[in-house]
Each structure stands twice: as C-alpha cells, then as structure tokens.
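Just so it is clear: chains get the letters A, B, ... in the order the sequence lines come, proteins before strands, and each one is counted from 1.
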Amino acid sequence: MSDTNVIYVVASLSGDGHLAESAEEALTPARQLADQADGSLTVVLLTDQVGTKTAEELLGQQGADQVLLLPTNGAADEAPEAVAQALADLIQERRPLVVLLAGAELMDIAPRIAALAKAGLISLAFALKWNMLQQTVIATRSCYGEALLSQVVGIESPLLITLKPKAFPKPTKIVGKVARVETVAILRASQPSRLQRVAIHPLENRGAKKLEEADIVVSGGRGLKEPDNFRLVEDLADSLGAAVGASRAVVDAGWRPHNEQVGQTGKTVSPKLYIALGISGALQHLVGMNASQCIVAINRDENAPIFKLANFGIVGDVLEITPLLTQAIIHSKQSKG
Amino acid sequence: MKIVVFIKQVPDNTRLRFQDGQLVTEGIPVMMNPFDEYALETAIRLKEQAGGESDLTTISLGGAGVKETLKKAIAAGADQGVLLSDPLFEGGDSATVATALAAAVRKQIPDFDVLVFGQAALDDAAAQVGPHVAALLAVPSLTFVNKAILENGQLLLSRETIRGLEEWRLDGPGALCVMKCEYELRSSNIKGVMKANKADIPIFSAADLDLDATILKPKTTLVKSWQRPAKSEGKVIDGTDAQAAVAQLLDYLHEAHLV
C-alpha cells in the first residue's frame, strides 16, 4: 500500500446512521481498484453525527484504509454548493487518483465539483477496471439510450467518476479491519445561498421502493385498458416488494404521475427483474429499461416489440394473467415460509 | 428579466443505425433534445411571466446544421439565437462544452438572471453541462426541475428527488436543469416562423470567445464504443391457458433466483 494511487469514495449516511446504499456499492469497485493499482482506499464521509470510533469500524469493515470526516453542519441537504466547494478544495489539495461518487445527491453536484477542482468527470459508469500499462482507470458507460456502450478514460488525475445505481454489489465485510480516521474541517463559511429549499413533501408512490433503487420493477401500460386496472400492477408489485413504473402513454393520459414514468423523458432503471404489463414497447420506453438484467413481458399482441427484448414473454390477456401471477407469488412465498 | 436557454441538437435515437457494431452518424435524422424542449417551454413561460423588458436568448454548440434547431427555438418564442462552432469544440468532453457555453454567456449576456438547461442530452446522457456552466459562472444550480414560476421577482422551483417533491426558491441569478414538465413545447405560429426565417444567427468561434486549445482541452477521452450486444433469444409462450403460463413463468423466475 502506497500513498500514491489513492482511490476516494465520497459517502453520506442515511437517516438511520447507516452508510447510504449507493456508497456501499461504490466501495466494491473502489477496493478492487485500490488493490489492482497497489494503492489505498479513502472514504470521505459527509457527516454531522458519526464519532471517530464508529467510522473506524463501520468503514474499516467495508474495506476503507482511511476515513476523512467532513463535517457539513447540515449543509449537505441545504447548501449543496458549499459541499461541492469543500470537496473540490479537498480533491485539489490531496490529489487522489480517482474519486468515485454514487447516489443521487452526489451525482447532482459532481459536475460542480469537477468544475471547481478542474478535474475530469465520467458520468454513470457501470464497470471500472485498472489499466496497469497506462496506470489509469477505464470506465465503461452507456449512451444513446443504452444502445451504445463506450469506454472512457481520464486524461489526467484527479478524475471523478459517478456510478450507475445498482451496477456494483455491496462489499463483503472484512472482520476486524479498522480504518485510520482524520477529521478535515474545510467547509467554508459561505453566505446563505441564493438558492434555498423551502418545503419537501414525501412522495405517495405505491410500491415500497423508489424506482431507481428497486431490485424489481413492475410497470404497466395501455394494455391495462383503464386506470382502475393499475391496481393489478400495484398488487403484483406489493407481492414482490417491487416499485411501480408506468409507460409514457399512461402518464400522458393522466392515469399515473410522471414520477413513475420509465423511458426517454422519464426514469432509466436497470433492476434485476423488470415486469412489463400491457406495455407494447415503444422505443421511448425501451431505452429506459433495456439494461434490466431480466425482462418479463405480458402482452396481448404477439408482435409487440417488447417481446424482442424479453427474457420471458407471455402472449395473453394481462388482466387475466396478472392476478394469477400475484396469487402464485404470494402462495410461493408463504410455502417457503 | 434576461433568460438564456441552452439547446442541443441530437440524433433521433429511435432511428439509430449500426454497422459492424459502430454507430453510423451520417444520415440519421436530428431533433431538439427532448429535455431541451421542456427547458425551452419553461424559459418561454418565464419570459411571459416576467413581461416588460424581458429577453430570451438561445445558445447551441455544433455544426452549421444546428442553426435549424435554433430557428425552431426562435419560432417557438426565443428572441435570438447564438451558435458556437469551432473545430476546437469538436471531440471535446462535457468540460470543453461547458467552458465554451460559459464564455458565450459572459460575452453576450453577462447580466443574465436565469440559465435554463435540459436535465440531460439523449446522446451522451452525462447530465454534466448545466451544473458545470453554473459553477463556471459562479451561480447556484438546481437539477431535476419540473416547474418554475416567477413570483415577486423570485423563482419558485419544484423538483422530484428520492426524498420527495421539493420546493426551492431562487433569489438572484442561477441555473435550472429541467426534466419532463406538465407542459409540452408549444407549436410555433406563422409570426414565429417568419421571425425565425429572418433571424440572423451569429456564429462564434473559440477565438471570438477568447478561448484557446489549452483551456478547451478535454479532461476525459473516448477509448472505444460499440453496440450493446443483443440479448440472447428470449422465450415467448402462449398465454391462452393462463394458469399454465403463470406456472411456467414462476418456474423460470425460481430457477433464475429472481423471486
């Protein structure tokens, strides 16, 4: 382990004091890169609440060699500009090789950090590898609505990389590993931002999980015939612990809110399992979900484009088949206990 | 109120073609980036709400063909367009583009009130340029905005994040990155089309913006790209017997450890 080739992961904590899921996902490729590059892994923890002891153990076990505690004084939520400036200052001062950022809030401020730190930024990588010869990280990402894959490298370090959600597994715990902890207090006391959050209303989405983070997504389209039948989608999603999505057609028709739309002008999801109910598969929809690991489609029209993409398709009546599937899932979960 | 909206012309990604695994860029129909259409409509609405001396400039970067997309923006309601075009911009990364756009704003509209971007471009899908330009111009930015209303000289902004529906207030110059809104881009009327046809759209080179190869140097570079491999042929079964079909699907999901 050397002081060069330091890999940074910027992480924050979820409300209950655990490491955010996205940060855990970033730790896996970060540890691999650190090992391959004969370097080390440093976690920059944006926090107000964690003591040194917790950080040593919590992050040590997750693979970190070092933890830099960056007290945010509540700014993480309220003043993203101040956090971006603090991270840019830290990156410019210590010059890590690569900085991995995951999770919606960090991805949001990543371009600002890159601009302030004069660093390169690669967005939404889903694979990272170390190139020994060129001593550089090669990132793979997709563009053109997931149709084209590309490999991108940074020209100089530090290089910032944001990670595609769900692309990397959580790290295996290393029992007994303890990280060195240092507190860095570089959050500049700035004037109150001219941009202030004034209110926040929790979403009323059905489906326990948020679309982008869910392992399973159940989506419905026009084939459900009327808005009331969307309850079949919700019931199946409930039985699977899945999030609910929708096609553009039903969002534009006012059946479902826009925050459920999957596709070109909606959300891009890549769950382990995507179930499309009564969705024919317009390209605008497919680009939002074609990176899903497994796609199941149920549709009346055997020529529907969705079947070209599906791992498993059923040509049939979605209104008849869906409730049977829901019952079968509930039954199989019960019999497993 | 001085408003700037940034427009990108992108290939219609429902009509992409590949040859030997490589994207064919020639001859693919182009269009205004869909999120930029929402940005443009949002900007036009802000201009209407502000009334008086308000002014809406639209800026794009690309080849001469991009003028057509800028004209579409003028026809819909922008007052004037500016095109940034230079070999030094080609082959750059998001940092290159953001540097050029920020320089154009400094030159043309230094006293701007609000910069409006689309959340992301369809082609490179990086969602970098808006916040990067905002940082270069030292103003705050908000992403995923789906509504912007002018109220007592301040902007009330709505956005959706994993935390919920958020409302923000912007008091002073700033940038918005707009995603799908409740409204679509209006169609242009005859008057708008005539204005667009007559519009003289200046083209700025890197030198016009006092930019050189050093400052425009990209910070990341493409190694290679290739078409996403087609999935192996899936299984499609007949669902006339719904019970039997569900049983088969459940077996499949169990075998794949998906439930």
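Nearest heavy-atom pair, B:Val139 versus A:Arg112, reported as atom, atom and distance to 0.1 Å: O-NH2, 2.5 Å. Heavy-atom minimum distance, A:Leu124 versus B:Ala125: CD1-O, 3.8 Å. In plain terms, the two heavy atoms of B:Pro140 and A:Arg194 that are nearest each other are CD-NH2, 3.4 Å. Contact detail for A:Ile321 and B:Ala242: the closest heavy-atom pair is CG1-CB, 3.8 Å. Between A:Pro80 and B:Trp168, the closest heavy-atom pair is CD-CH2, 4.4 Å.
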- Full working for side-chain contact (heavy atoms from CB on, under 4.5 Å) between A:Tyr144 and B:Val10: CA-CA 10 Å; A:Tyr144 288 94; B:Val10 297; over 6 Å; no
- Message: Let's go through A:Phe312 and B:Leu253 carefully: what are the C-alpha distance in whole Å and the side-chain angles of both, what is the deciding distance for side-chain contact (heavy atoms from CB on, under 4.5 Å) to 0.1 Å, and is it a yes or a no?
- Response: CA-CA 9 Å; A:Phe312 195 104; B:Leu253 294 175; over 6 Å; no
- Query: Under the side-chain contact (heavy atoms from CB on, under 4.5 Å) criterion, do B:Leu142 and A:Arg197 qualify, and how do the steps go?
  - Reply: CA-CA 10 Å; B:Leu142 194 66; A:Arg197 193 172 72 199; over 6 Å; no
- Task: Test B:Thr220 against A:Leu121 for side-chain contact (heavy atoms from CB on, under 4.5 Å), laying out the working first.
- Result: CA-CA 7 Å; B:Thr220 61; A:Leu121 170 62; 5.9 Å; no
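Put simply, of A:Gln264, A:Lys118, A:Lys308, the one with the most heavy-atom pairs under 4.5 Å next to chain B is A:Gln264. Ranked by non-hydrogen atom pairs under 4.5 Å with chain B, the options A:Gly316, A:Ser123, A:Gly103 are led by A:Ser123. Chain B forms the most heavy-atom pairs under 4.5 Å with one residue out of A:Glu146, A:Lys272, A:Met107, and that residue is A:Glu146. Contact count against chain B (heavy-atom pairs under 4.5 Å) is highest for A:Thr265 among A:Thr265, A:Thr322, A:Ile138. Top candidate by heavy-atom pairs under 4.5 Å with chain B, chosen from A:Glu302, A:Gln261, A:Glu212, is A:Gln261.
Interface remark: A:Ile314 contributes backbone and side-chain atoms alike to the contact with chain B (heavy atom separation under 4.5 Å). Looking at A:Gln327, there are no atoms closer than 4.5 Å to chain B (heavy atoms on both sides), in backbone or side chain. Heavy atoms closer than 4.5 Å to chain B are found in the side chain of A:Thr140, but not in its backbone. Interface residue A:Ala310: only backbone heavy atoms are found under 4.5 Å from chain B. Both the backbone and the side chain of A:Gln151 have a heavy atom closer than 4.5 Å to some heavy atom of chain B. Contacts between A:Arg141 and chain B at a heavy-atom distance below 4.5 Å involve the side chain alone, from C-beta outward. Only the side chain of A:Ile216 comes within contact range of chain B, with heavy atoms under 4.5 Å apart. Using a 4.5 Å cut-off between heavy atoms, A:Ala119 contacts chain B through its backbone alone, with no side-chain atom that close. Heavy-atom distances place the backbone of A:Leu309, and not its side chain, under 4.5 Å from chain B.
Taken to the nearest 0.5 Å, the CG atom of A:Asn259 stands 9.0 Å off from the CG atom of B:Asn146.
Residues B:Val259 and A:Ser332 are not in side-chain contact: their nearest non-hydrogen atoms beyond the backbone lie 4.5 Å or more apart.
No donor-acceptor distance shorter than 3.5 angstrom exists from the side chain of B:Arg169 to the backbone of A:Val198, with no hydrogens or angles considered. Not a single donor-acceptor pair under 3.5 Å links the side chain of B:Arg228 to the backbone N or O of A:Ala291.
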